[in-house]
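Below is one structure, written out as structure tokens, with a few remarks after it.
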Amino acid sequence: MNSATRICLALSVGLFACKKESTRSSVSLPFSDDFNRNELGPNWFPSGGDWKIRDGYVYTTFSNNMPLFLNVDLPSDVVMEVDIKSELPIVDAKIELMTDGRTHQSGYVFILGGWSNKLSVIARLDEHGKDRKVKSPTNVKGNKTYRWRIEKKGGNLKWYLDGQLYMTYNDPKPLDGSGHNRLGFGNWQNQIRFDNLKIWAYADAPTIRTSTTVAP
């Protein structure tokens, strides 16, 4: 390898590192976002699809499993809460947790009222996988705001809706650390609002409310 080649290689590696670093936020936990602004801003990375701020919430339509990722590293044990509302009769809303921050199905996938409200799912790396956990009937409907809370402690996952335990999942090989430490909002082909996001390290999270205070 001649000197010119070495210089080009070093520059390429440097540029790649800078590009990779640009997706990292300096924000730390606890983190909150009420989306009361006009643009998504540097803390968010839309991997594709249609994601925008509208009237104080994140709005998505027909994003075809191209999530909106939060550029904040999450600890292995974490708690998040968010308000989610479908504007259609079906719910089909998704949260992706402990992802790589770039790609769909790179972590745990939580699907509420998927497949025309027939199934709710917690899946690991594959929302159609044989190891997914399924709830049916889902007991959810569209045009209603649900307050989600997801708790992860090791491989123990708990999913609450409006303060009530909804589903659980136990993973003997927990996803965490580099490559599995980001959060994503997900959507297939629906019209969904996301609002009032809060994230804590597990040890710092407040006690869960037993009733919802969000509007219908």
Side-chain angles (χ1 to χ4, degrees), residues 29-35 57-58 60 67-70 72 74-87 90-99 105 107-115 117-125 127 129 131-172 174-176 180-188 190 192-216:
L29 300 187
F31 175 85
S32 65
D33 199 337
D34 60 12
F35 306 107
Y57 53 82
V58 170
T60 173
L68 174 68
F69 291 105
L70 177 65
V72 175
L74 305 180
S76 298
D77 299 334
V78 66
V79 176
M80 63 81 59
E81 292 186 359
V82 66
D83 295 335
I84 302 180
K85 179 180 181 179
S86 166
E87 294 186 345
I90 61 171
V91 180
D92 198 18
K94 301 185 183 186
I95 288 290
E96 305 201 23
L97 187 67
M98 314 313 286
T99 77
Q105 299 188 131
Y108 300 108
V109 186
F110 298 76
I111 306 174
L112 183 66
W115 297 272
N117 286 349
K118 294 178 182 177
L119 304 177
S120 291
V121 167
I122 303 177
R124 183 187 189 276
L125 301 176
E127 62 186 45
D131 59 346
R132 70 182 186 176
K133 184 80 171 287
V134 174
K135 181 179 180 67
S136 181
T138 61
N139 300 319
V140 296
K141 60 183 180 181
N143 294 306
K144 180 183 184 302
T145 300
Y146 290 96
R147 182 66 177 176
W148 291 41
R149 178 178 169 114
I150 298 172
E151 300 179 353
K152 178 187 180 295
K153 184 172 177 58
N156 185 23
L157 304 174
K158 294 182 179 180
W159 179 11
Y160 296 83
L161 286 185
D162 296 340
Q164 303 299 315
L165 185 62
Y166 187 67
M167 291 183 69
T168 62
Y169 186 93
N170 185 56
D171 184 4
L175 301 175
D176 53 45
H180 293 293
N181 62 353
R182 296 291 179 89
L183 169 75
F185 293 164
N187 181 23
W188 170 230
N190 201 358
I192 306 177
R193 304 178 184 186
F194 297 81
D195 200 1
N196 301 315
L197 173 66
K198 296 182 182 295
I199 307 175
W200 305 267
Y202 187 92
D204 300 328
T207 303
I208 188 170
R209 299 194 305 264
T210 56
S211 63
T212 178
T213 57
V214 299

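For reference, positions follow the sequence shown, starting with 1. Note that this is a predicted model, so its numbers are computed, not measured.
Applying the salt bridge (Lys or Arg N to Asp or Glu O under 4.0 Å) rule to Arg124 yields the partners Asp171; only residues at least two apart in sequence or on another chain are considered. Residues passing the salt bridge (Lys or Arg N to Asp or Glu O under 4.0 Å) test with Asp33 are Arg37, sequence neighbours excluded. Applying the ring-ring contact (aromatic ring centres under 6.0 Å, His included) criterion to Phe185, with sequence neighbours excluded, gives Trp44, Phe194.
When all heavy atoms are compared, the tightest approach of Ala201 to Leu29 is N-CD1, 3.8 Å. Here the shortest heavy-atom pairing between Gly113 and Val140 reads CA-CG2, 3.9 Å. Nearest approach of Tyr146 to Lys141, heavy atoms of both residues: OH-N, 3.0 Å. Residue Pro30 comes nearest to Trp200 through the heavy atom pair CB-CD1, 3.7 Å, listed as atom of the first residue, atom of the second, then distance. Nearest heavy-atom pair, Lys152 versus Leu97, reported as atom, atom and distance to 0.1 Å: CB-CD2, 4.4 Å. The two atoms that bring Asn187 and Asn190 nearest to each other are ND2-O, 2.9 Å, heavy atoms only.
Between the side chain of Asn117 and the backbone N or O of Val91, at least one donor-acceptor pair lies under 3.5 Å. A donor-acceptor pair is defined here as one N or O able to donate and one able to accept, closer than 3.5 Å; such a pair exists between the side chain of His180 and the backbone of Met98. Here the side chain of Asp162 pairs a donor or acceptor atom with the backbone of Arg147 at under 3.5 angstrom. Side-chain atoms of Asp77 come within 3.5 Å of backbone N or O of Gly154 as a donor-acceptor pair. A distance-only check finds no donor-acceptor pair linking the side chain of Thr145 to the backbone of Ile84 [under 3.5 Å].
To the nearest 0.5 Å, atom CZ of residue Phe110 and atom OH of residue Tyr166 are 12.5 Å apart. Rounding to the nearest 0.5 Å gives a distance of 8.0 Å between CD of Glu87 and CG of Asn143. To the nearest 0.5 Å, atoms OG (Ser32) and CD1 (Ile199) are separated by 9.5 Å. Atom CG of Asn181 is separated from atom CG of Leu70 by 10.5 Å, given to the nearest 0.5 angstrom. Atom OG in Ser120 sits 12.0 Å away from atom NZ in Lys133 (nearest 0.5 Å). From Ser86, atom OG reaches atom NZ of Lys144 across 12.0 Å, with rounding to the nearest 0.5 Å.
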Take Arg132 and Glu127, measure what salt bridge (charged side-chain N to carboxylate O under 4.0 Å, His left out) needs, and give me the verdict at the end.
-> CA-CA 7 Å; Arg132 70 182 186 176; Glu127 62 186 45; over 6 Å; no
Show your reasoning for whether side chain to side chain contact (heavy atoms under 4.5 Å, CB included) applies to Leu183 and Val78.
-> CA-CA 11 Å; Leu183 169 75; Val78 66; over 6 Å; no
Begin from the C-alpha positions of Asn156 and Lys158 and carry the test side chain to side chain contact (heavy atoms under 4.5 Å, CB included) through to its verdict.
-> CA-CA 7 Å; Asn156 185 23; Lys158 294 182 179 180; 3.8 Å; yes
Full working for salt bridge (charged side-chain N to carboxylate O under 4.0 Å, His left out) between Glu151 and Arg149 | CA-CA 7 Å; Glu151 300 179 353; Arg149 178 178 169 114; 2.8 Å; yes
Take Leu161 and Leu112, measure what side chain to side chain contact (heavy atoms under 4.5 Å, CB included) needs, and give me the verdict at the end.
-> CA-CA 10 Å; Leu161 286 185; Leu112 183 66; 3.6 Å; yes
Would you please test Met80 and Ile95 for side chain to side chain contact (heavy atoms under 4.5 Å, CB included) and show each step?
-> CA-CA 10 Å; Met80 63 81 59; Ile95 288 290; 4.3 Å; yes
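Around the NZ atom of Lys135, the shell of radius 6.0 Å holds more than 12 heavy atoms that belong to other residues, nucleotides or ligands.
The only member of Tyr108, Tyr169, Trp159, Tyr160 that meets side-chain contact (heavy atoms from CB on, under 4.5 Å) when paired with Ile150 is Trp159.
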